[in-house]
Q: 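Here it is, the structure in full.
For the numbers below, each heavy atom of this structure counts, side chains included, while hydrogens, waters and symmetry mates do not.
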Amino acid sequence: MTPVAALFYGFGALAVLAALGMVSNVRNTVASAMSLVVTMVSLAVIYVLLEAHLVAAIQIMVYAGAIVVLFLFVVMLLNLRSDEFGPARQPLLKWAAGGLGLFVLVRFLRGLEAFPEAPAPPDGFGGYRMLGIALYTDYVLLVEMASLLLTAAIVGALILAKRKID
């Protein structure tokens, strides 16, 4: 195994573990958001190892930076405490969900062998020029819809926080 492959698998495992920590740590939302940061940074390292430097930079700036800061802002604005959460879910439900997730993962990994070989990407694929052209031509409506959805989420969080203060 080459050092690059070892780093790839190491950061892949770290991303999976941090994502599991994010999902399973529902009582402490700030720690969950920090696990999300670790997941995003691990994914950015994987992108660097795959020589997709622009995607790695976008991953760090947009997701690990802006989105997680937005999440932390909303979490702290809502002032969630651990005593406001209900009792823990039943352990049988957790084991059933874990078994279902493992079953779906095994089925997915078995299905990967059936995929044909992917064609080579065109020249300039993943570069800033092609990304900018795609964002402002093909995906402009989706980008605008995402920005409106994030704005509505922030306004909703502000309304929920204001009700608690009054």
Q: With a 4.5 Å limit on heavy-atom distance, are the side chains of F8 and I46 in contact?
A: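 Yes, side chains in contact.
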Q: For residues V68 and A33, report the shortest heavy-atom separation together with the two atoms involved.
A: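 So the minimum-distance heavy-atom pair works out to CG1-O, 3.9 Å.
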Q: Which heavy atom in A56 sits nearest to a heavy atom in Y47, and how many Å separate them?
A: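 Reported closest heavy-atom pair: CB-CB, 3.8 Å.
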Q: In a check of side chain to side chain contact (heavy atoms under 4.5 Å, CB included) between Q59 and each of V48, V41, L43, L54, which one passes?
A: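 Result for side chain to side chain contact (heavy atoms under 4.5 Å, CB included) with Q59: L43.
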Q: Hydrophobic cluster membership, with links at side-chain heavy-atom distances under 4.5 Å among I/L/V/M/F/W/Y: are M61 and Y63 in one?
A: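 As far as the 4.5 Å side-chain criterion goes, Y63 and M61 are not connected within one cluster.
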Q: Any heavy-atom pair between the side chains of I133 and R129 that's under 4.5 Å?
A: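 R129 reaches I133 side chain to side chain.
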Q: If you group Ile, Leu, Val, Met, Phe, Trp and Tyr by side-chain heavy-atom gaps below 4.5 Å, do V4 and L7 land in one group?
A: yes
Q: Hey, any chance F11 and V16 share a hydrophobic cluster, counting ILVMFWY side chains that come within less than 4.5 Å of each other, even indirectly?
A: no
Q: Is any side-chain heavy atom of L14 less than 4.5 Å from a side-chain heavy atom of V38?
A: yes
Q: Measuring from atom CD1 of I154 to atom CG of L149, what distance do you get when rounded to the nearest 0.5 angstrom?
A: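 If we round to the nearest 0.5 Å, I154:CD1 and L149:CG are 10.0 Å apart.
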Q: Counting only heavy atoms from other residues, nucleotides and ligands, does the tally under 6.0 Å from CG of L92 exceed 12?
A: no
Q: Report the distance from atom CD1 of I67 to atom CG of L150, rounding to the nearest 0.5 Å.
A: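 Rounded to the nearest 0.5 Å, the CD1-CG separation comes to 5.5 Å.
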Q: Membership question, hydrophobic clusters at under 4.5 Å side-chain separation (ILVMFWY): are V62 and L135 in the same one?
A: yes
Q: Starting at OH of Y9, measure out to CG of L49 and round the result to the nearest 0.5 Å.
A: 12.0 Å
Q: Ignoring hydrogens, what is the shortest heavy-atom contact between T39 and A19? Give both atom names and the distance.
A: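 Scanning both residues, the minimum pair turns out to be OG1-N, 3.3 Å.
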Q: Out of curiosity, does V143 fall in the hydrophobic cluster containing I58 (side-chain heavy atoms, cut-off under 4.5 Å, transitive links)?
A: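 I58 and V143: one cluster.
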Q: L36 vs M40, test: side-chain contact (heavy atoms from CB on, under 4.5 Å). Steps then yes/no.
A: CA-CA 6 Å; L36 180 62; M40 296 300 169; 3.5 Å; yes
